[in-house]
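Hydrogens, waters and symmetry mates play no part in the numbers below; they use all other heavy atoms, side chains included. Below, chains carry the letters A, B, ... as their sequence lines are ordered, and counting in each starts from 1.
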Amino acid sequence: MPGRRSPRARAALKRPAMCAAPRPASTFAAVMLQLSVLKEQTARVLAGLAKRHFKTAEADVQAVLDLDQRRRALQTAHDQAQAEANELARQIGGLMKSGQRAEADALKARTAELKATIKTHADELAAVEQQQNELLYKIPNIPHESVPAGRSAQDNEVVREGGTKPTLGPDAQPHWELIKQYDIIDFELGNKITGAGFPVYKGQGARLQRALINFFLDQARDAGYYEVQPPVLVNEASGYGTGQLPDKEGQMYHDAQDNLYLIPTAEVPITNLYRDEIIALDKLPIKNAGYTPCFRREAGSWGADVRGLNRLHQFDKVEIVQITQPENSYAALEQMQAHVEHLLQQLELPYRILRLCGGDMGFTSALTYDFEVWSAAQGRWLEVSSVSNFETFQANRLKCRYRAEGGKTQLLHTLNGSALALPRIVAALLENNQSAEGIRLPAVLHSYCGFGLITN
RNA sequence: AGAGAGGUGGCAGAGUGGUCGAAUGCGACGGAUUCGAAAUCCGUUAUACCGGCAACGGUAUCGGGGGUUCGAAUCCCCCCCUCUCUGCCA
């Protein structure tokens with residue numbers, strides 16, 4: 001669920017602190033490829049941005065194109081001056097060797113001039129590139145043609161519904177009551193040792209967590225995903241790589257002392273595994289899965305709807321990531337969608353799959369499927385997974401490439417999805433399966449848990 | 001955390017101011033040889049940007065940033081990382 005919907009939150013584009021780990025110069029290179037799309041498919045880009053209701057699209061795109069022209073002119077001038085300076089240096093070297101001091105000094109006058117020109121050009125170039133980058137960082141990914149043209153969550157397209165909603169008795173409880181009744185998840189304790197949004201899982205609750213993680217990881221492995229266990233703290237470069245920085249700086253917990261960020265999703269470390277790599281064709285597609293805790297500050301998003309497990313600062317999630325050649329990425333997306341759907345079916349949860357509309361999609365995504373499960377006692381759908389194809393949007397920043405036929409390097413497509421995020425799954429399992437005897441767990445979990453019924 | 005050593009192309013490893021994008025070896029790729037293979041021999045083998053239809057040319061990159069110099073992989077400063085020893089520790 002990276003780059004989730006936050007059309008407003010991204011407004012303020014912050015420069016990173018220049019001290020510790022300045023944004024690598026390589027991002028400039030990455031930006032060029034994005035430019036090629038802007039230049040060659042301007043109409044498609046504008047149409048896509050319109051679908052997203054990106055208001056300043058025309059002006060921004062035009063500004064980028066204008067800056068690009070200036071940039072290229074400057075680059076050419078700069079390179080030429082540099083070439084001349086290099087040539088002079090060679091000549092001076094030759095003269096010095098043969099003892100022709102006076103002649104050498106005469107040439108030095110010209111090099112001084114060139115140096116000034118080069119400096120001017122370099123400064124201007126850096127300024128233009130920065131302006132260009134700031135604009136490009138503001139421009140979201142271009143939606144896939146199948147993305148519906150809506151404005152808000154109401155306009156998302158329901159792709160499919162599955163499972164059957166249970167009929168609960170009159171004394172049915174929401175999960176925040178059930179967890180107290182069975183004493184399996186304790187918010188008060190978490191509150192004491194950390195704060196709100198950091199619950200403590202206890203007894204059967206803790207075992208259920210571990211069971212779900214194992215179940216999800218095993219399912220991923222069976223589907224051909226290679227398991228990795230990445231760090232949960234990442235550096236600044238990784239934050240830029242997957243697009244959490246600079247837009248969502250405030251959403252991540254930040255350790256200022258070491259300038260590291262607690263991951264909001266395993267997408268960040270896992271996808272960054274392939275940053276700055278040229279991946280051999282026979283290694284593709286890359287399919288990785290990993291379990292990590294995830295940390296989100298969720299600043300400003302607390303309200304009546306976020307009771308209990310609906311929104312936490314720390315939660316567990318198994319993430320699946322694929323990196324594919326461009327022509328295969330939408331097939332991979334469908335495959336991932338099917339994988340997540342199969343998980344929900346095995347958990348016997350009523351679910352629906354949404355194709356997010358242009359206005360509701362995350363910044364970095366080209367096409368996103370959201371998965372929601374029915375939380376019977378709350379009477380609402382809860383998002384438990386978000387499966388997205390980012391096309392080259394992340395690969396561009398990551399410099400994640402492969403060598404195409406003919407030897408040219410090309411950007412790969414990156415995809416990821418939750419498979420699955422635990423808390424809301426747990427909420428639905430508790431609410432939907434409550435009974436007088438206790439909470440009946442789906443059969444597939446029994447062996448993982450070591451029990452099939454949560455009781456007092 | 002303290003002391004020392006070091007970061008060079010896919011890997012190993014030279015290079016301490018002047019055609020060095022970088023010797024050499026390995027690996028990989030193409031070719032020759034072979035019935036085929038091994039061995040051997042010849043050649044190719046980084047990335048990005050700019051210009052060009054292309055061939056090709058130019059520029060930059062030797063951990064990152066800044067400085068000295070006509071000229072820096074080589075000298076100076078700052079930062080990051082790795083290794084060894086000592087300390088601490090799950």
With both distances under 3.5 angstrom, what nucleotide forms a Watson-Crick or G-U wobble pair with B:A73? none

Watson-Crick or G-U wobble mate for B:A5, both contacts under 3.5 Å: B:U82

Can you tell me how far C1' in B:A37 sits from the matching atom in B:A14, rounded to whole Å? 35 Å

Can you tell me how far C1' in B:G65 sits from the matching atom in B:C80, rounded to whole Å? 10 Å

Any chance you could measure A:Leu284, atom CG, to A:Asn328, atom CG, to the nearest 0.5 Å? 8.5 Å

Should B:G36 form a Watson-Crick or G-U wobble pair with both distances under 3.5 Å, which nucleotide is its partner? none

Nearest listed nucleotide, side chain of A:Arg401, among B:C70, B:U59, B:A48: B:A48

Distance test, side-chain N/O of A:Thr409 to OP1/OP2 of B:A48, below 4.0 Å: yes

Separation of the P atoms in B:C29 and B:U84, to the nearest angstrom: 34 Å

Can you confirm whether the side chains of A:Thr242 and A:Glu267 place a donor and an acceptor under 3.5 Å from each other? no

Closest-nucleotide ordering on RNA chain B, the 5'-leading residue of A:Asn86 and A:Gly94: A:Gly94

Could you tell me whether A:Leu114 contacts a base, only the sugar-phosphate backbone, or nothing, with contacts defined as non-hydrogen atoms closer than 4.0 Å? nothing

Which class fits the ring pair A:His313 and A:Tyr253: parallel under 30°, tilted 30 to 60°, perpendicular over 60°? perpendicular

Rounded to the nearest Å, what distance is computed from the CG atom of residue A:Asp276 to the P atom of nucleotide B:U61? 18 Å

For A:Tyr402 and A:Gln410, which I'm curious about, is there any donor-acceptor pair between the side chains at under 3.5 Å? yes

Considering only heavy side-chain atoms of A:Ala89, the closest of B:C70, B:A60, B:C50 is B:C70

Can you measure A:Asn235 atom CG to B:G64 atom C1' for me and round it to whole angstrom units? 13 Å

Can you tell me the pairing partner of B:U19 across any strand shown, Watson-Crick or G-U wobble, with both distances under 3.5 angstrom? none

Nucleotide opposite B:C53 in a Watson-Crick or G-U pair, distances under 3.5 Å: none

Are A:Glu84 and A:Gln80 close enough that a side-chain donor and a side-chain acceptor fall under 3.5 Å? no

Looking only at atom C1', what distance separates B:C88 and B:A3, rounded to whole Å? 16 Å

Inter-nucleotide P distance (B:U74, B:G21), Å rounded: 13 Å

Rounded interatomic separation in angstrom, taking NZ from A:Lys399 and C1' from B:A46: 11 Å

Could you work out the separation of B:A23 and B:C62 based on their P atoms and round it to a whole Å? 15 Å

Pairwise 5' ranking along RNA chain B for A:Thr76 and A:Ala85, keeping only the more 5' one: A:Thr76

Please report the distance, rounded to the nearest Å, between CD in A:Glu236 and P in B:C80. 14 Å

To the nearest Å, give me how far apart NZ (A:Lys408) and P (B:U45) are. 18 Å

Roughly how many Å is it from CG in A:Leu74 to P in B:G51, rounded to a whole number? 12 Å

Residue A:Arg71, side-chain atoms from C-beta onward, closest of B:U59, B:C50, B:U47: B:C50

If I pick the C1' atom on B:A46 and the same atom on B:U8, what distance separates them, to the nearest angstrom? 13 Å

B:G66 and B:C11: how far apart are their C1' atoms, nearest whole angstrom? 32 Å

Quick one: is A:Arg90 getting a side-chain N or O under 4.0 Å of the B:G71 phosphate, OP1 or OP2? no

Going by purine N1 to pyrimidine N3 plus the second Watson-Crick contact, or the G-U wobble pair, all under 3.5 Å, which nucleotide sits opposite B:A28? B:U44

So if I take every side-chain heavy atom of A:Lys115 and compare against B:G58, B:G71, B:C49, which nucleotide ends up nearest? B:G71

Rounded to whole angstrom units, what separation is found between the CD atom of A:Gln91 and the P atom of B:U69? 21 Å

Side-chain donor-acceptor contact under 3.5 Å, A:Tyr330 with A:His413: no

Reckon A:Arg101 touches a base, only the sugar-phosphate, or nothing at all at heavy-atom distances under 4.0 Å? nothing

Tell me: CG of A:Leu125 to P of B:U59, nearest whole Å? 16 Å

Can you tell me if A:Asn133 and A:Glu129 form a side-chain donor-acceptor pair at under 3.5 Å? no

Ignoring backbone atoms, establish whether A:Gln82 has a side-chain N or O less than 4.0 Å from OP1 or OP2 of B:A60. yes

Which nucleotide in B:C50, B:A46, B:C70 has an atom nearest any side-chain atom of A:Asp79: B:C50

Report the base-pairing partner of B:A90 (Watson-Crick or G-U wobble, both distances below 3.5 angstrom), or none. none

Do A:Met252 and A:Leu245 come within less than 4.5 Å of each other through their side chains, counting heavy atoms only? yes

